[in-house]
Student: 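There's a structure below that I have some questions on.
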Amino acid sequence: MNGNISTHKSTNPGIILGSTSPFRCALLEKLGIDFDVDAPEVDEQRLAQETPEQLVIRLAKAKAAAVAKRHPDSLVIGSDQVACIDHQILGKPENRDNAIRQLSLASGKRVTFYTGLCLYNAATGGVQASCELFHVHFRKLDKQQIERYLDAETPYNCAGSFKSEGLGISLFSRMEGDDPNSLIGLPLIRLIAFLDAEQIKIP
């Protein structure tokens, strides 16, 4: 999706998902609420000495605030995610060679996903934000398994080089965390609490 594309009729106040991710859009649809979609334009460069938690919360807030400028009476949802192995942040691989490197690094290890979430009330300036953690334990993977997986899903725009909502689940030995939706990029349990604080009741 491109910026300012609305695929849903919004309520009053309108709810805006500040993301072009089809996966986040599909997750938000699970809540049965009306919303619009708008693309944030934010520099996602990590700041010096910034921890993963600080990074994702800052970017989630920045994305929500950027979209809120175009929707002054709305509730705007911003989210950002990074994956970490042994304190090393993994970004989106962007190409096959980087994806092979990331998955080889993840083989047999625990990968922690940090997902920042922000709900910004553009009318009042109110901000609710949090960072949700989710851990994925990878199987021992050989090069042939990694190559076959990349042939099947080409997850080059996904942090950690896999799609957990698809065949990426075959790479794991187990998962641990409070909300499996946070692994895909939108922590719905926390979001429901944020919306409740804004008098948006689900269900």
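In this text, all values refer to a predicted model and were calculated from it rather than measured experimentally. All residue numbers refer to positions in the sequence shown, counting from 1.
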Student: Under 4.5 Å between any side-chain heavy atoms of F134 and T112, yes or no?
Tutor: no
Student: Linking I/L/V/M/F/W/Y whenever any side-chain heavy atoms sit under 4.5 Å apart, do F23 and L186 land together?
Tutor: yes
Student: Taking it one step at a time, do H137 and K109 satisfy side chain to side chain contact (heavy atoms under 4.5 Å, CB included)?
Tutor: CA-CA 6 Å; H137 296 258; K109 294 183 180 179; over 6 Å; no
Student: Begin with the C-alpha distance, continue with both residues' side-chain angles, and end with the deciding distance and a verdict on side chain to side chain contact (heavy atoms under 4.5 Å, CB included) for Q88 and L105.
Tutor: CA-CA 10 Å; Q88 176 183 344; L105 184 63; 3.8 Å; yes
Student: Measure the spacing between CD of Q81 and CG of L90 and express it to the nearest 0.5 Å.
Tutor: 11.0 Å
Student: Hey, do the aromatic rings of Y149 and F162 have their centres closer than 6.0 Å?
Tutor: no
Student: Check the pair R174, H135 against side chain to side chain contact (heavy atoms under 4.5 Å, CB included), reporting the backbone distance first and the verdict last.
Tutor: CA-CA 9 Å; R174 65 188 180 95; H135 308 288; over 6 Å; no
Student: Ignoring hydrogens and geometry, is there a side-chain-to-backbone donor-acceptor pair from S170 to L167 under 3.5 Å?
Tutor: yes
Student: Please report the shortest heavy-atom distance between S161 and P155, naming the atom on each side.
Tutor: O-CG, 3.1 Å
Student: CZ of R70 to CG of D36: how many Å apart, nearest 0.5 Å?
Tutor: 12.0 Å
Student: What heavy-atom pair brings L103 and L141 nearest, and what distance separates the two atoms?
Tutor: O-CD1, 4.2 Å
Student: Given side chains that start at C-beta, do those of I202 and L191 come closer than 4.5 Å, heavy atoms only?
Tutor: no
Student: Once you round to the nearest 0.5 Å, how far does CG of D34 lie from CD of E29?
Tutor: 10.5 Å
Student: Same cluster for V127 and V56 if Ile/Leu/Val/Met/Phe/Trp/Tyr side chains link at under 4.5 Å?
Tutor: no
Student: Is there a side-chain contact between N181 and K30 (heavy atoms, below 4.5 Å)?
Tutor: yes
Student: Nearest 0.5 Å, what's the OG1-CD1 distance between T51 and I89?
Tutor: 8.0 Å
Student: Hey, are E132 and R190 close enough for a salt bridge, meaning a charged N less than 4.0 Å from a carboxylate O?
Tutor: yes
Student: Measure across G185 and T115 and return the closest heavy-atom pair with its distance rounded to 0.1 Å.
Tutor: O-CG2, 3.8 Å
Student: Please determine if R148 and D142 form a salt bridge, counting it only when a charged side-chain N lies under 4.0 Å from a carboxylate O.
Tutor: no
Student: Is D196 paired with K201 through a side-chain N to carboxylate O contact shorter than 4.0 Å?
Tutor: yes
Student: Indicate the atoms forming the closest heavy-atom contact of V37 with S19, along with that distance.
Tutor: CG1-O, 3.1 Å
Student: Please determine whether residues L188 and I77 belong to a single hydrophobic cluster, defined as Ile, Leu, Val, Met, Phe, Trp and Tyr linked transitively by side-chain heavy-atom distances below 4.5 Å.
Tutor: yes
Student: Does a side-chain heavy-atom distance below 4.5 Å link L28 with F35?
Tutor: yes
Student: If we ignore hydrogens and angles and just use 3.5 Å, is the side chain of S104 paired with the main-chain N or O of I100 as donor and acceptor?
Tutor: yes
Student: To the nearest 0.5 Å, tell me how far I15 CD1 sits from I200 CD1.
Tutor: 5.0 Å
Student: Should L55 and L47 count as side-chain neighbours, where that means a heavy-atom distance under 4.5 Å?
Tutor: no
Student: Does any part of the side chain of F194, heavy atoms only, come nearer than 4.5 Å to the side chain of L117, both counted from C-beta?
Tutor: yes
Student: State which residue, out of E153, K163, K92, fulfils the side-chain contact (heavy atoms from CB on, under 4.5 Å) condition with C158.
Tutor: K163
Student: Give the minimum heavy-atom separation between E198 and Q128, together with the two atoms involved.
Tutor: CG-NE2, 3.8 Å
Student: Rounded to the nearest 0.5 Å, what separation is found between the CG atom of D80 and the NZ atom of K63?
Tutor: 3.5 Å
Student: For R58, run the salt bridge (charged side-chain N to carboxylate O under 4.0 Å, His left out) check against E53, E50, E44 and tell me which one passes.
Tutor: E50
Student: Is the closest side-chain heavy-atom distance between V76 and D38 below 4.5 Å?
Tutor: no
Student: Is there a side-chain contact between R24 and S79, using heavy atoms and a 4.5 Å cut-off?
Tutor: yes
Student: Yes or no on side chain to side chain contact (heavy atoms under 4.5 Å, CB included) for S164 and V136, after CA distance, side-chain angles and deciding distance?
Tutor: CA-CA 10 Å; S164 62; V136 174; over 6 Å; no
Student: Determine whether Y114 and I184 fall in the same hydrophobic cluster, where Ile, Leu, Val, Met, Phe, Trp and Tyr are linked whenever their side-chain heavy atoms lie under 4.5 Å apart.
Tutor: no
Student: Restricting to non-hydrogen atoms, name the atom on A129 and the atom on I57 that form the minimum distance, rounded to 0.1 Å.
Tutor: CB-CG2, 4.3 Å
Student: Could you tell me whether a side-chain N or O of N121 sits under 3.5 Å from a main-chain N or O of G126, the two making a donor and an acceptor?
Tutor: no
Student: Is I189 reachable from F113 through a run of hydrophobic residues whose side-chain heavy atoms are each under 4.5 Å from the next?
Tutor: no
